[in-house]
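To keep things clear, I will list the structure first and then write my remarks on it.
In what follows, chains are A, B, ... by sequence order, proteins preceding strands, each numbered from 1. Below, all heavy atoms of this structure are taken into account, side chains as well, without hydrogens, waters or symmetry copies.
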Protein chains: 2
Amino acid sequence: MTHAFRRAGFPTIADVAEHAEVSPATVSRVMNGRFAGEESVADRVRASATALGYRPSHLARSLALGRTGAIALVVPDLGNPAFQAVLAGLTRAAASDGYRVLVADSTESPGDEPDLASEVRHRCDALVLCAPRMPDDRLAALDAELSPLVLVNRERAGVPSVGIDYAGGIAQLAEHLIGLGHEHLAYVAGPEASVSDRHRRRGLDRVRESNPGVSIHELPGGATTDDGRRAADNVRQTGATAVLAFNDLVAIGLIDGLSALGVRVPDDVSVTGFDDVPFARYTAPALTTAAVPHERLGADAWDRMRALLRGEAPAPDELLPASVVVRASSGPRLRA
Amino acid sequence: MTHAFRRAGFPTIADVAEHAEVSPATVSRVMNGRFAGEESVADRVRASATALGYRPSHLARSLALGRTGAIALVVPDLGNPAFQAVLAGLTRAAASDGYRVLVADSTESPGDEPDLASEVRHRCDALVLCAPRMPDDRLAALDAELSPLVLVNRERAGVPSVGIDYAGGIAQLAEHLIGLGHEHLAYVAGPEASVSDRHRRRGLDRVRESNPGVSIHELPGGATTDDGRRAADNVRQTGATAVLAFNDLVAIGLIDGLSALGVRVPDDVSVTGFDDVPFARYTAPALTTAAVPHERLGADAWDRMRALLRGEAPAPDELLPASVVVRASSGPRLRA
DNA sequence: CCGCGTCGAGAAAGCGCTTTCTCGCCAGGA
DNA sequence: TCCTGGCGAGAAAGCGCTTTCTCGACGCGG
């Protein structure tokens with residue numbers, strides 16, 4: 001407290017060195033446990049550091065070391081619990097190797113997601129990118145620059161990725177509904193150009209092939225509760241007795257919208273979600289959905305990332321399965 | 001693509017300078033729009049930068065500039081939509097001044113929250129701290145080091161802060177329940193040592209004073225749905241006809257737990273939450289709660305922060321009001 | 001008694017960028 | 001013709017830290 005600092009800011013390694021009457025090199029070594037000399041010197045350095053309230057500058061350290069000890073995660077919507085789970089899994093896995101995770105959310109401006117990705121990437125050592133809506137060509141233009149890079153829910157040659165088998169999951173949900181006697185289904189789709197939406201549609205195509213008597217009407221939707229609520233009227237007009245929503249948020253909004261229109265779930269219409277977010281079990285009625293191992297997804301993404309950072313070969317791309325969870329929002333077809 | 005880079009990594013400003021046959025200084029100026037010389041030179045530099053795929057190192061730039069252009073936000077639980085809203089508000093406000101927000105979540109290890117805060121602080125220019133459970137003395141030991149610092153939901157002399165009037169909010173909720181005829185209330189408390197929990201208790205004390213005939217039983221709880229569910233049995237045993245939960249998550253879990261015990265909400269017991277998270281309207285029954293302007297909280301935090309960063313005097317501390325939202329989870333006292 | 005090995009700690013370069021200072025050059029006025 | 005002023009662009013220092021290299025001092029064997 002009795003010492004003047006160089007700038008308005010924090011004391012630097014030079015201040016500590018001066019205070020302890022040693023060289024900056026010695027302070028550095030002491031602070032990093034690489035000091036081999038006399039214990040009394042080390043003690044003096046530590047005492048000075050404490051006295052001055054010294055904190056090493058991460059910035060300078062990172063620059064000198066060439067590594068920051070942090071990786072970036074870009075997600076389209078942190079408000080979606082599914083991505084929070086990915087974040088949690090990634091953070092935990094990375095922490096066990098001494099890495100921090102910095103999150104950036106592109107909700108506000110999907111348009112400059114590439115910029116966002118590029119910027120946060122350059123604050124960190126690597127990037128885990130979850131950008132379902134980014135056009136392929138934008139991604140192609142970026143992937144070299146973003147490297148080391150791991151993709152979530154999206155594939156690209158030369159870039160390790162982990163993902164969910166949305167096609168299989170939605171197919172299972174559809175089969176579940178078909179098994180309940182439904183023949184006229186509707187699908188409230190995800191955001192335009194969403195890769196995982198394309199996967200779901202592909203899964204639905206397979207269902208159509210193996211169930212010739214079943215129709216699946218596709219409707220525009222989105223990824224949020226509001227999108228779901230807006231789709232309610234469209235859904236009613238299709239006359240479908242069962243609806244597959246893009247994800248749980250859409251399903252929740254949709255159920256709410258249907259209720260407002262006097263349509264009962266599941267008596268009049270069955271509704272399913274996707275993701276099994278924590279709230280899915282608390283909705284009215286509780287949501288039938290496909291459970292997705294999101295934390296595992298995050299952990300496995302780190303697995304690839306660690307290999308990349310070590311210069312090893314990452315594990316092959318992986319597609320984790322989703323599993324149907326039947327709750328109260330789906331039921332047998334009742335109306336003639 | 002035909003050029004070898006110095007390290008395995010990205011081309012540096014020196015590479016661009018060499019390629020364009022100018023000095024690094026000129027490249028720097030061109031890249032930052034501070035270049036005043038001949039346009040042809042600037043063009044050459046830009047061309048070289050593009051050709052090499054040059055991206056300025058944020059790290060080096062920050063070190064040289066003494067500012068990173070980012071601020072850190074530490075929250076206790078990103079899984080809680082309330083904190084997501086704060087994040088959203090802060091991010092948006094900061095973005096309008098050209099700042100990015102980096103989030104860190106201390107869910108995993110509340111114990112080293114101080115370390116976390118200190119570390120992310122030193123990656124950024126400033127810190128917005130939302131750490132309701134950090135002991136006062138730990139905070140006191142830290143606040144100089146963390147400066148510039150803005151606190152959320154917690155006050156400290158000399159540190160700007162913004163917060164919610166939890167005392168007033170919970171008092172209004174209690175009055176609402178009392179108005180419905182309830183006389184035996186219970187409060188499922190928040191985490192031990194949570195500052196905002198203390199505020200709520202204080203609000204309840206005021207209610208007790210002005211309503212001598214009313215009892216409010218305090219029960220241990222927590223901040224998550226699981227904590228709420230665990231409290232269900234305790235709640236039933238108190239015989240209370242109305243329960244104030246620490247927040248919406250706890251309320252949701254509690255309602256679920258009560259249902260499992262055969263207790264109906266609101267017929268047997270009324271339940272209220274706090275925060276009005278987006279899901280509160282979708283629960284069964286829809287949750288009576290206190291709406292909190294979380295985004296505003298984030299925006300106002302930035303307001304203080306901006307002043308701090310500019311060396312101006314921040315606006316005085318503020319306590320935003322919460323407002324009761326009556327939905328279906330609270331109803332008149334029915335049982336004798 | 002000299003030289004060599006060893007050990008403790010400092011000097012200095014370098015990480016990639018910014019910015020002040022400086023310098024060379026050219027045009028214009030005396 | 002000479003000097004001054006201004007302008008375009010480079011040299012170099014510096015941001016705070018790490019690390020290689022270096023050097024002086026000490027202790028030991030020959």
Considering only D/dC17, D/dT18, D/dG14, which nucleotide approaches the side chain of A/S28 most closely? D/dT18

Rounded to whole angstroms, how far apart are CG on B/L59 and C1' on C/dG16? 9 Å

Side-chain H-bond candidate by donor/acceptor type, A/S196 with A/N153, under 3.5 Å: no

Under 3.5 Å, N/O pairs linking protein and nucleotides 6-13 of chain D:
residue	atom	partner	partner atom	Å
D/dA9	OP2	B/E38	N	2.9
D/dG10	OP2	B/S23	N	3.0
D/dG10	OP2	B/S23	OG	3.0
D/dG10	OP2	B/T26	OG1	2.5
D/dG10	N7	B/R29	NH2	2.9
D/dG10	O6	B/R29	NH2	3.4

From NE2 of A/H58 over to C1' of D/dT18, roughly how many Å is that when rounded to an integer? 15 Å

Salt bridge (Lys or Arg N to Asp or Glu O under 4.0 Å) partners of residues 142-153 of chain B, not counting sequence neighbours, each pair once: A/R55-B/E145, B/D143-B/R156

Any chance the rings of B/Y54 and B/H19 have centres within less than 6.0 Å? no

Does A/D317 reach the main-chain N or O of A/S161 with its side chain, forming a donor-acceptor pair under 3.5 Å? yes

A/M31 atom CE is separated from D/dG16 atom C1', nearest whole Å, by 13 Å

Whole Å only: how far is the CG atom of A/N32 from the C1' atom of D/dG16? 13 Å

Could you tell me how far apart A/H122 (NE2) and C/dG16 (C1') are, to the nearest whole angstrom? 13 Å

Measure CZ/A/R61 against C1'/C/dG14 and give the value in whole Å, please. 16 Å

For atom CG of A/L65 and atom P of C/dG16, their distance in whole Å: 13 Å

If you draw a 6.0 Å radius around CD in B/E312, do more than 12 non-hydrogen atoms from other residues or ligands fall strictly inside? yes

Check the distance between D/dG16's C1' and B/R123's CZ and give it to me in whole angstrom. 15 Å

Give a yes or no on whether a salt bridge exists between B/E38 and B/R44, defined as a side-chain N under 4.0 angstrom from a carboxylate O. no

May I ask you to say what A/S57 touches in the nucleic acid, namely base, sugar-phosphate or nothing, with a heavy-atom cut-off under 4.0 Å? sugar-phosphate

